[in-house]
Chemist: 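A single structure is presented below for examination.
Atoms considered below: every heavy atom in the structure, side chains included; atoms not considered: hydrogens, waters and symmetry mates. Below, chains carry the letters A, B, ... as their sequence lines are ordered, and counting in each starts from 1.
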Amino acid sequence: MTHDLPSRYDPSDIEQDLYRWWTERGDFRASADGERRPYVIMMPPPNVTDRLHMGHGLNNTIQDVLIRFERMRGREVLWLPGTDHAGIATQNVVERLLAKEGKTRFDLGRDAFVEKVWRHVHDTGAQILEQLKALGASCDWTRTYFTLDDGLSRAVRETFVRLFDKGLIYRGHYIINWCPRCLTALSNEEAEKEDVAGKIWYLRYPLADGSGHIVVATTRPETMLGDTAVAVHPSDERYGHLVGTDIDLPLTGRRIPVVADDGVDPSFGTGAVKVTPAHDPLDFEIGQRHQLDTLVVIEADATMSDSVPDDLAGLDRYDARRRVVKQFEELELLQKIEPHQHAVGHCYRCGTAVEPRLSEQWFVQMAPLASPALDAYQDGRLTFLPKRRGEDYAQWLEGIRDWCISRQLWWGHRIPVWYCDDEGCEAELHVSRDDLTTCPTCGGPLRQDDDVLDTWFSSWLVPFSSLGWPDDTEDLRRFYPGDALTTAPEILFFWVARMIMAGLEFKGEVPFSTIYLHGTVRDTQHRKMSKSLGNGIDPLEVVERYGADALRYTLVSGMAVGTDLILDPNDLDSSFAAGRNFANKLWNIGRFVLGNLPDPVRPLVGPRSDAVRREELTLADRWILARCEATVVAATKAYQQFRLNEAATLIYHFIWSDLADWYLELIKPRLFGDTPGGDVARAVVAQTFDVALRLLHPITPFITEALWRRFPGRPEDASIEVAPWPESDARARDDEAAAAFGLVQELVTAVRAIRAEYDVAPGTEVRVWVSRHDEAFDAEAGTIRRLAKVSAIHYEAHADEPGGHAVLSDGTGVFLPLGDAIDLDRECGRLGAEHQRLAKLIVGQEKKLANEQFLTRAPAEVVATERKKLGAWQDQATALDQKRQLLGCP
RNA sequence: GGGCGAAUAGCUCAGUUGGUUCAGAGCGCCUGCCUUACAAGCAGGAAGUCGGGGGUUCGAAUCCCUCUUCGCCCACCA
């Protein structure tokens with residue numbers, strides 16, 4: 001039945017059908033009732049801005065591996081998918097689309113613009129979900145959410161009202177980060193600090209009494225137009241006499257005071273600071289302490305305001321900077337310019353340098369929320385992978401600042417605050433869960449706050465809002481809290497930390513216990529993949545070319561905990577070769593194995609009378625079963641510890657090297673009836689291949705399902721997705737078989753190497769002399785003969801004739817007589833090299849055996865085998881010497 | 001300016017809590033093979049002073065110190 005399978009695996013033949021079948025079966029759907037212990041992962045909701053990139057591919061592959069692993073282990077698995085409305089990002093995308101038509105959002109008006117965004121995200125959102133399916137993501141699509149859904153909107157309002165009532169949400173005039181391009185406030189986290197090679201200008205400010213001037217240093221000369229003071233440190237003796245005096249601020253005709261303030265660092269610059277309370281956070285604080293005026297000189301769009309001299313008003317901030325500097329120069333008030341490297345905030349969505357700006361915004365007071373979140377980390381309720389990320393988390397919480405949550409955008413959750421414009425009304429504002437139309441206090445008309453909430457204000461609720469909160473739903477009771485959170489480290493503060501705070505505040509429990517922060521996908525120059533650099537790889541293109549399994553295998557095997565993943569966008573073939581080749585190999589193993597299995601296969605173990613008895617197993621059978629068992633144990637542990645790359649490598653090696661290269665080759669005579677025991681070999685291969693497929697299924701779900709379903713006797717409706725995870729079976733452990741068969745492998749390899757070395761024709765059979773008799777060689781004599789093309793094995797000291805030599809790890813000598821075929825020079829060189837290798841081993845071994853610690857610490861039997869090894873090596877060295885003399889080697 | 005990570009074959013990377021079993025894998029490269037599952041394959045092979053230096057030890061890729069080079073996080077020195 002497998003003979004009709006093509007010899008080359010084509011994933012596109014099977015992936016979509018299998019995915020549809022899985023969906024129809026309903027295995028992805030979590031049941032809210034039942035006995036199974038839940039295992040829950042919240043998918044980081046992709047932004048509905050665009051198609052998925054390779055980072056999503058990696059992120060979702062990791063999650064799907066964990067989910068499929070736990071599903072097979074019998075947990076009630078819920079992987080909850082969703083998409084994020086991504087306020088600024090999405091609004092930007094649609095604004096750019098409008099710009100192509102020569103329009104702005106203001107041309108459309110708020111309602112029409114929002115309508116247009118909805119239409120846009122409807123398409124991209126659907127596209128994203130399809131892409132996730134193409135990757136094989138086994139999420140519960142029946143519970144898919146969007147952060148702007150009615151349900152989640154209700155949760156947003158609920159939290160806003162609760163925090164407001166608790167006094168943790170407030171409105172006020174503060175310096176915030178302002179993006180002059182997006183025209184909105186940003187949180188501290190959204191302003192990314194980047195080092196900029198700037199300058200520092202030293203400006204002379206004339207003293208009002210005409211007695212001289214004071215020099216201030218600034219990186220932003222244009223803000224001097226908004227200066228309302230100069231500050232010095234109270235204990236700075238250089239300036240003490242000037243405190244309380246006035247300065248004539250150049251260009252403005254304004255007179256401003258010199259004040260003393262602790263916030264000034266006397267060692268920086270000149271020790272005298274120009275104070276611009278409306279455009280600098282520190283200056284704002286100084287201004288508050290000294291009741292200074294705040295003078296806004298830079299507008300929302302980063303042009304100079306009308307409050308500056310006419311020749312500067314309306315200029316862009318950087319043009320104004322140049323103009324101001326030039327005017328200082330002309331007035332001979334520019335003392336000097338120095339190069340200066342400093343960190344400047346940039347908008348995380350558009351990259352524009354943010355402007356610190358005084359404005360009225362809504363804030364969440366964070367310290368009360370941060371404290372329990374910090375406790376949860378310190379008392380071990382949270383585990384970070386890699387561990388060091390936990391310190392980033394703690395550090396951020398310790399220095400937490402209030403969260404600016406209002407955004408001057410149109411796309412998002414509108415702030416649930418209404419203002420009453422009636423001058424006679426006592427109420428200033430109303431915060432409400434429901435839309436308000438008339439003022440509850442005076443009955444007059446109301447106006448809702450124009451702003452929307454930070455997009456993360458809905459994301460931070462996802463672990464419970466996606467389960468129906470604030471209602472007390474069955475889902476919520478069953479699936480909160482979740483288990484693992486898998487995401488990129490970039491959003492540790494934006495999202496992860498805030499989810500923990502929200503979970504503790506609103507649900508009293510951390511939303512997940514393990515936080516796996518995986519690395520970033522980069523190109524070969526270690527640059528982050530991005531659209532603007534054009535170095536991205538489209539995961540869907542990879543799926544189409546190589547299959548989802550190849551993509552997944554490559555991502556998983558290349559990703560160690562705490563490291564980045566480097567892929568070459570210019571060489572997809574080599575980037576994904578290993579995954580593609582492996583899938584193809586698996587396919588062909590399947591063709592061979594399944595094509596040789598009868599129905600039914602004899603059971604390997606169990607009560608049935610035809611079950612294989614232990615005495616029927618050959619050495620090779622025992623070996624592969626032991627290898628299989630070892631792989632089950634190691635791979636299971638690796639999966640559990642999130643060391644997915646290690647699990648992938650272990651299983652790969654077992655399947656390709658142990659099972660395919662060795663076991664399948666050596667059972668061929670038994671399968672083809674040339675040797676008895678075919679039914680036993682079939683039982684063993686059926687068992688081990690089945691286990692291998694199940695171990696691998698979380699990583700490469702499609703091909704493992706396709707092959708697993710084809711096993712003889714498999715019920716039509718059986719799926720590997722819900723097949724039980726392979727159990728460790730102590731009976732299969734067999735160190736003796738492992739060691740004995742290992743020696744057989746060494747012997748075969750040694751003979752092959754000698755044959756290759758001396759160009760023995762592939763079809764020619766050779767005789768081999770083995771210095772020591774071993775039961776394993778007898779037991780697998782057929783294997784040795786077949787795999788090494790050996791006609792006869794002689795257990796005796798080798799004949800005095802030319803030939804090839806090798807020494808096995810236990811000291812057993814191997815000799816291949818090659819008669820006249822031998823090249824004397826080459827053989828002498830080979831013997832010399834081999835002798836040298838042995839000599840090195842012997843020296844090391846002698847040292848080891850002279851070591852007190854080793855002798856006392858190691859078990860006696862280990863010491864004994866090490867002694868034996870040394871003896872054997874010495875014997876072989878002697879034999880090699882004799883051989884070299886015999887051949888007349890130099 | 002603080003805190004943290006990384007450096008291992010031409011490329012991308014493994015190498016675990018306690019030091020002996022370790023110098024490995026994949027890709028690439030070289031040689032020979034269309035051997036009745038697989039040429040996306042099979043067999044064999046070349047290639048690394050485990051970033052430099054020092055230390056501890058019988059013994060270090062692994063532990064300690066130091067230097068160099070990359071990277072990450074945090075930070076209101078204007």
Chemist: Would the A:Y393 and A:F493 ring centres measure less than 6.0 Å apart?
Modeler: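 So the answer is no for these two rings.
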Chemist: Of the nucleotides B:C42, B:G2, B:A78, which one has an atom closest to the side chain of A:Q395?
Modeler: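 When the side chain of A:Q395 is considered, B:G2 is the closest of B:C42, B:G2, B:A78.
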Chemist: Kindly say whether the aromatic ring centers of A:Y377 and A:F384 come within a distance under 6.0 Å.
Modeler: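 Yes, the ring centres sit under 6.0 Å apart.
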Chemist: Quick check on RNA chain B: between A:S267 and A:E490, whose nearest nucleotide comes earlier from the 5' end?
Modeler: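 That would be A:E490.
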Chemist: Give me the distance, rounded to whole Å, that separates B:C76 from B:A60 when you measure between the C1' atoms they each carry.
Modeler: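 Here B:C76 and B:A60 have their C1' atoms 47 Å from each other.
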Chemist: Looking at A:R317 and A:E355, does any basic side-chain N land under 4.0 Å from a carboxylate oxygen?
Modeler: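 Salt bridge present between A:R317 and A:E355.
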Chemist: NA contact type, A:A761, heavy-atom cut-off 4.0 Å: base, sugar-phosphate, or nothing?
Modeler: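 A:A761: no heavy atom of the nucleic acid under 4.0 Å.
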Chemist: Please check the phosphate of B:G3 (OP1 and OP2 only) for any side-chain N or O of A:W396 closer than 4.0 Å.
Modeler: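 No, no such contact exists.
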Chemist: Go through the N and O atoms of the side chain of A:E665 and the base of B:A37, and report whether any donor-acceptor pair is under 3.5 Å.
Modeler: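 Per atom types, the contact qualifies.
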Chemist: With a 4.0 Å cut-off on heavy atoms, is A:V264 in touch with a base, just the backbone sugar-phosphate, or nothing at all?
Modeler: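 If one applies the 4.0 Å heavy-atom cut-off, A:V264 turns out to touch a base.
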Chemist: Does a salt bridge link A:E338 with A:K336, judged by any charged N lying under 4.0 Å from a carboxylate O?
Modeler: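 Here A:E338 pairs with A:K336 in a salt bridge, since their nearest N and O are under 4.0 Å apart.
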Chemist: What is the nucleic acid contact for A:F493, judged by heavy atoms within less than 4.0 Å: base, sugar-phosphate only, or nothing?
Modeler: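 Sugar-phosphate contact only - A:F493 comes under 4.0 Å of backbone atoms but never of a base.
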Chemist: Classify the nucleic acid contact of A:A578 as base, sugar-phosphate or nothing, counting any heavy atom under 4.0 Å across all strands shown.
Modeler: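 Contact class for A:A578: sugar-phosphate only.
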Chemist: Categorize A:K668 for me: base, sugar-phosphate, or nothing, with a 4.0 angstrom heavy-atom threshold over every strand shown.
Modeler: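 Touches a base.
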Chemist: Considering only atom P, compute the distance from B:C27 to B:C64 and round it to an integer number of Å.
Modeler: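 Looking at atom P only, B:C27 and B:C64 are 35 Å apart.
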Chemist: So which one's nearest nucleotide on RNA chain B is more toward 5', A:W662 or A:P266?
Modeler: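 This one resolves to A:W662.
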Chemist: Quick check: any donor-acceptor pair below 3.5 Å linking the side-chain of A:R8 to the base of B:A40?
Modeler: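 Yes, a donor-acceptor pair under 3.5 Å.
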